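Working notes for the structure below.
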Protein chains: 2
Amino acid sequence: MSKCGQCIIKSFNAFHTLTIDELDTISDHKTSLTIKKGENLMTEGHAINGLYCIKQGKCKLTKLNTNGKEQIIKFVKGGDILGHRSILSEEPVGLTVTALEEMKVCFIPKGDIMQTINQNTAFSLQLMKNISNQLNHANDSISQMAQKPVKDRLAETLLKLEEIFGLDKDGNIDIILTREEIANTIGTATESAIRLLSNFKKEKIISLQGKHIKLLDRSTLRNISEGY
Amino acid sequence: MSKCGQCIIKSFNAFHTLTIDELDTISDHKTSLTIKKGENLMTEGHAINGLYCIKQGKCKLTKLNTNGKEQIIKFVKGGDILGHRSILSEEPVGLTVTALEEMKVCFIPKGDIMQTINQNTAFSLQLMKNISNQLNHANDSISQMAQKPVKDRLAETLLKLEEIFGLDKDGNIDIILTREEIANTIGTATESAIRLLSNFKKEKIISLQGKHIKLLDRSTLRNISEGY
DNA sequence: AAAAAGAAATGACATTTATCATTTGTTAGA
DNA sequence: TCTAACAAATGATAAATGTCATTTCTTTTT
């Protein structure tokens, strides 16, 4: 199995603060796994005893509502860490993580993480920063969801998706989502999402080819997302 | 000025993990202040160089939307800590904190906090737990806001307000909010909030006397909040 | 205590969004 | 490659929510 010390991914997250020794220990204890498209890496309400470092692949973080609807809270890609919130707060996982394409991840047992937190302040601080940033973004989302109409939220989401996933070779947003998933991100009915996407297309703000979405007029999208 | 070692508030938050020495240092550097009703303890976008420990009083945490509307993200009362997210992530404050009644707070400089984080792992862990829990709740809110109708969100909010602030001597929820603030909490127009409150009253689920709200039928409220 | 300002309540109406039904298009398994 | 299953699109309509105008009530100021 490959060594954490050599893994480029660590440079994107809190693991870059670890010493060579700490990385070695984690290397010895980690397990690498492959998650196929559609499979869950973790499930809301279940306990986990470690965290996941995503080497490759994209996933969605969702929450099941009391009415049975799925709400997509966040999209995550390679370089990110998942599960630290749960092991830090000592609570079950709050979100279901589902692979949107094949993923390569490393599982690192809770014991090693807690030991590292105890002996490496820089690592702790990085984790805190990470969660703090997430909290900040979450608060933004609350405000958006509560106060912006669906159209504005769709514009916002399209911009954010491009920011997270970048572009494929044809200039489309480099993520394949169903219309239902888009609807579940902005919190609306699938039909409403479809209609608004069609409108954006008609107004030449975006182009649609099947599930491929290309942003054509970002400044208009930005205006819409801010209510103009 | 009073000593932190004697302060009962510390037992409600991360400060209970501090040693006597650490508490003494903080005692020496802290400043106590009084915030009058309506005044801001911190303002969205501004930098702070320390954190606040709330000894007494209630406040709202809000975010100003691009459309100029205020979104209430959270209510906080004595015992809580504010501002740690900002000093940990080294970013400006993300939320405006406004006193809903006179508040007594202690300000503790960033330097002392960072030093304590570096030398006291238990304190770090408590802070992480705290932020992790907040993140978890924030994710819940996103889902609620995105998918539940206004009526359900109002029911939810009333239950949550009672949980946070408890009851006054007459059995009312022990917090005075304007209808506008209630509307800004659930993310709706003031008129809509008023109408729905009136409906709840008509259906004898709550009683209203001016700004005093009493919950009469909690199980119905719980059902409504879950979409039944 | 009266006047002014602000908050709450309510009606009428417009707009947004959801739901249901149906058609068309696409994907993947037999 | 065909066809069953699923996804997307669209229309018609209902329901939810927002906006504006007005009245009533409450609080604050003079």
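Below, read A as the first sequence line, B as the second, and so on, with proteins coming before strands; counting in each chain starts at 1. Because the structure is a prediction, the values reported are computed rather than measured.
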Under 3.5 Å, sequence neighbours excluded: what are the donor-acceptor pairs made by side chains of residues 80-88 of chain B?
unit_1  : atom_1 : unit_2   : atom_2 : d
B:His84 : NE2    : B:Asn130 : OD1    : 3.3
B:Arg85 : NH1    : B:Ser89  : OG     : 3.2
B:Arg85 : NH2    : B:Pro92  : O      : 3.2
B:Ser86 : OG     : B:Glu91  : O      : 2.5

- Of B:Arg153, B:Lys148, B:Lys151, the one forming a side-chain contact (heavy atoms from CB on, under 4.5 Å) with B:Ile224 is B:Lys151
- Within residues 181-198 of chain A, the residues having a heavy atom closer than 4.0 Å to DNA chain C are A:Thr188, A:Ala189, A:Glu191, A:Ser192, A:Arg195
- From the 5' end of DNA chain D to its 3' end, which nucleotides mark the outer limits of contact with chain A, defined by a 4.0 Å heavy-atom distance cut-off (strictly under)? D:dA7 to D:dA12
- Message: Strictly by salt bridge (charged side-chain N to carboxylate O under 4.0 Å, His left out), give each pair with a member in residues 65-78 of chain B just once, sequence neighbours left out.
- Response: B:Lys60-B:Glu70
- Nearest-0.5 Å distance, OG1 of residue B:Thr66 to CG of residue A:Asp152: 7.5 Å
- Non-hydrogen side-chain atoms of B:Phe15 and B:Cys53 separated by less than 4.5 Å: yes
- Would you say A:Leu154 and A:Phe200 make side-chain contact, with heavy atoms under 4.5 Å? yes
- Message: Applying side chain to side chain donor-acceptor pair (under 3.5 Å), can you list everything that pairs with B:Gln147, at least two apart in sequence or on another chain?
- Response: A:Asn65, A:Gln71
- Note on the structure: Assert: residue with more 5' nearest nucleotide on DNA chain C, out of A:Val150 and A:Lys211, is A:Val150
Can you list, pair by pair, the side-chain donor-acceptor contacts under 3.5 Å of residues 165-177 of chain A, counting residues two or more places apart and other chains?
unit_1   : atom_1 : unit_2   : atom_2 : d
A:Asp168 : OD1    : A:Asp170 : N      : 2.9
A:Asp168 : OD1    : A:Gly171 : N      : 3.0
A:Asp168 : OD1    : A:Asn172 : N      : 2.9
A:Asp168 : OD2    : A:Asn172 : ND2    : 3.4

- Message: Tell me every residue that passes side chain to side chain donor-acceptor pair (under 3.5 Å) with B:Lys201, counting only those two or more places apart in sequence or in another chain.
- Response: none
- Task: List in chain and number order the residues that pass side chain to side chain donor-acceptor pair (under 3.5 Å) with A:Arg218, two or more places apart in sequence or in another chain; answer none if no residue qualifies.
- Result: A:Glu162
- chain A on DNA chain C: first and last contacting nucleotide, 5' to 3', under 4.0 Å to a heavy atom? C:dT17 to C:dC20
- Query: What residues in residues 60-70 of chain B put a non-hydrogen atom under 4.0 Å from any atom of DNA chain D?
  - Reply: none
- Contacts of type side chain to side chain donor-acceptor pair (under 3.5 Å), residue B:Thr220, not counting sequence neighbours: B:Asp217
- Message: Going by side-chain hydrogen bond (donor to acceptor under 3.5 Å, both in side chains), name the pairs with one or both residues in residues 38-56 of chain B, residues two or more places apart or in two chains.
- Response: B:Asn40-B:Thr98
